[in-house]
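The structure under discussion appears below in the form of structure tokens.
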Amino acid sequence: MRTRGKALGNLLGLCMAFVVGSSWAFSLDDVASKAEKLAAAPYAPAKSNLPAVFRDMAFADYQQLRFREDKGYWRDADTPFELFFYHQGMHFDVPVKINEVTATRVREIRYDPESFEFGNVDIDPAALENLGFAGFKVLYPLNKKDKQDELMTLLGASYFRVVGKGQVYGLSARGLAIDTALPSGEEFPRFTEFWVERPQADRGSLVIYALLDSPRATGAYRMEVTPGKDSVVDVQSKVFLRAAVEKLGIAPLTSMYLFGANQPSQQLNYRPQLHDSEGLAIHAGNGEWIWRPLNNPKRLAISSYSVENPRGFGLLQRTRDFGRYEDLDDRYELRPSGWIEPVGDWGKGHVELVEIPTPDETNDNIVAFWVPEKKPAPGEAINIAYRLHFSMDEPELHDPELAWVKQTRLSAGDVKQSNLIRQPDGSTALIVDFVGPNLAELPADAPVSTQVSVDDNVELVENNLRHNPVTEGWRLTLRLRVKDPARPVELRAALVDGETTLSETWSYQIPVHD
């Protein structure tokens, strides 16, 4: 009886230890509970606590507000990850709460002005009272074992950026997009609170939880970032609506396109191309691959691609040659592509591409996201999970059995005369280079042909396909005349060999010209 009683006591002790030990465990459900309660209550906009000295400062002054390296969070801990924090300033005028999750507790990381350097900006100490953080960044030895590099940054609304080895920051991801590009105006949800798990020494990833809030939506997010050659973020989210929205953008990506090969600069510029991303790629549920080169339109442009259960979509930077950019400062050839890989079935919906006119590279003018056909009713949860890749190895993101578009180039159409001089004939030419291992294996005289479709606003005057011995691919030349320059032109093309599809579908829009 004593042995049995002792064993029972031990078992009860273990059970109690489990209950106590699990009582502090933090999960997505904890954040989702907060989000659901928020969604059931009226929206309470966050109030700014920022003194005028910070709110009115110039960008150059804000850049002087630096987190001290010796104050790095987890700097002396047994983990390769480290946290730096952003100071409030300019339009980053509302603090976000940042918590640390450990094996025994959850505690807030408090703002301390002693952790910041203020440069030559004259700051009254009284102005630093009761401030907070605007966001934070994650450091990790990406490129060298003895040097910390920025891996991830979370600053402003629900934006975050991530890089892999040898990459520099480019496009951004967001938690959620609401009514983007609608006349009613876009709503920008923001992450109001974070919980960051303190990783064990042998853990190669970092888990971040976030609470999202906006006038018509709340959400709970779990983001596990794994650094590497191609860093990835595994996202689990649960979103609740306070009120109906017209357009719900899931897994949004935001980027910049100013000019490039398919839309050369209108002004003389030593840089042939200037963009964070050059095209939208989609892997549809039926297996089709679509490539849509980006534009910087003169008017707002919205393109939709109906897709059921998408296998992937993203904004890609396919051109990796420095000579195509020639920018020693911004290194556009090192900016990662962003690829969304859905987890589970997302159902019916469409991938939407929004292109906004911009006069310079300081504006993010490209947005892409998934819009579900059926939106959740207010108070009803929508669960979305996906893996977000930040990569410079675009062929690894693509089906190796299909060719892809290496480049799209725009030119004035011309015709070679009897004297061998090419004369413009008033048409527009688009040159599309398809490449891939499957094409490289074909002989130059292989019976490769094209499937081309155009809308009713264009007259197609040439459809020419020829083998490209330089790329071991095929070059398609389309020469056309636009009937009404005040209307856009939609074109699609793919390579085939009989009934066999050889390439992704090239989808292009010639923007409106005034």
Side-chain angles (χ1 to χ4, degrees), residues 28 31-32 35-36 39 154 157-162 171-182 186-191 208-224 232-255 277 280-285 290 292 302-316 337-354 364 366-390:
L28 180 64
V31 187
E36 188 172 15
L154 302 99
S158 64
Y159 287 91
F160 61 93
R161 295 193 292 176
V162 178
L171 83 173
S172 302
R174 273 195 277 171
L176 197 67
I178 296 178
D179 289 353
T180 305
L182 292 183
E186 182 170 4
E187 182 174 308
F188 289 90
R190 61 183 293 265
F191 289 141
I208 301 169
Y209 299 92
L211 177 66
L212 179 140
D213 195 18
S214 77
R216 287 179 292 166
T218 69
Y221 288 76
R222 182 187 188 274
M223 297 176 283
E224 182 170 1
V232 299
V233 182
D234 289 294
V235 179
Q236 293 176 268
S237 64
K238 182 174 282 190
V239 173
F240 303 86
L241 296 185
R242 277 195 176 93
V245 302
E246 187 171 345
K247 186 191 300 182
L248 185 64
I250 302 295
L253 296 171
T254 301
S255 192
S277 307
L280 167 69
I282 301 171
H283 188 193
I290 300 170
R292 163 62 153 81
I302 301 174
S303 302
S304 295
Y305 297 85
S306 294
V307 181
E308 184 171 355
N309 291 325
R311 300 184 189 179
F313 70 91
L315 295 173
L316 307 189
S337 296
W339 180 254
I340 303 291
E341 181 186 349
V343 175
D345 292 339
W346 283 15
K348 294 182 178 181
H350 67 268
V351 175
E352 184 163 310
L353 173 68
V354 178
D364 284 342
I366 304 295
V367 189
F369 44 76
W370 163 259
V371 181
E373 183 177 289
K374 184 186 178 200
K375 294 185 287 289
E380 178 186 348
I382 179 173
N383 296 280
I384 294 289
Y386 54 92
R387 169 168 283 192
L388 175 52
H389 300 257
F390 290 87

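Counting begins at 1 with the first residue of the sequence. Hydrogens, waters and symmetry mates are skipped; everything else that's a heavy atom, side chains included, is used.
Taking Q236 as the reference, nothing meets the side-chain hydrogen bond (donor to acceptor under 3.5 Å, both in side chains) condition, with sequence neighbours excluded. The ring pair (Phe, Tyr, Trp, His ring centres under 6.0 Å) search around Y221 returns F191, not counting sequence neighbours.
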From CA spacing to verdict: side chain to side chain contact (heavy atoms under 4.5 Å, CB included), H350, Y305: CA-CA 5 Å; H350 67 268; Y305 297 85; 5.7 Å; no
Step-by-step side chain to side chain contact (heavy atoms under 4.5 Å, CB included) determination, E341 to V232: CA-CA 10 Å; E341 181 186 349; V232 299; over 6 Å; no
Given the rule in the side chain to side chain contact (heavy atoms under 4.5 Å, CB included) test, do L353 and I366 qualify, once you have shown the distances and angles that lead to the verdict? CA-CA 7 Å; L353 173 68; I366 304 295; 3.9 Å; yes
Go through the steps to decide whether F369 and L248 satisfy the test side chain to side chain contact (heavy atoms under 4.5 Å, CB included), and finish with yes or no. CA-CA 9 Å; F369 44 76; L248 185 64; over 6 Å; no
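Distance check, rounded to the nearest 0.5 Å: NZ of K238 to CD of E36 gives 7.5 Å. To the nearest 0.5 angstrom, F313 atom CZ is 8.5 Å from W339 atom CH2. Here the CG atom belonging to L388 is positioned 4.5 Å from the CD1 atom belonging to I340, to the nearest 0.5 angstrom. Here H389 contributes atom NE2 and L316 contributes atom CG; the two are 11.5 Å apart, rounded to the nearest 0.5 Å. In this structure, the separation between OH on Y209 and CD on E224 is 8.5 Å, given to the nearest 0.5 Å. Separation of atoms CG (L154) and CZ (R161) is listed at 11.0 Å; rounding is to 0.5 Å.
For residues 242-253, the set of pairs meeting the side chain to side chain donor-acceptor pair (under 3.5 Å) definition, not counting sequence neighbours, comprises D213-R242, K247-E352.
Shown here for P252 and A177, the closest heavy-atom pair between the two residues is CG-N, 3.6 Å. Nearest approach of Y159 to S172, heavy atoms of both residues: CD2-CB, 3.9 Å. Residues P372 and I382 share a closest heavy-atom pair of CG-CD1, 4.5 Å. A pairwise comparison of heavy atoms in P189 and S214 identifies CA-CB, 3.5 Å as the closest pair. Taking every heavy atom of both residues into account, I178 and A217 meet most closely at CD1-CB, 3.7 Å. For the pair G347 and P310, the tightest heavy-atom approach, listed with the atom from each and the gap, is O-CD, 4.3 Å.
For the side chain to side chain contact (heavy atoms under 4.5 Å, CB included) test with L176, the passing option among T218, I384, V245, I250 is I250; the others fail.
In this structure the side chain of Y386 reaches within 4.5 angstrom of the side chain of W346, judged on heavy atoms.
In this structure, D179 contributes its side chain and E186 its backbone to no donor-acceptor pair below 3.5 Å.
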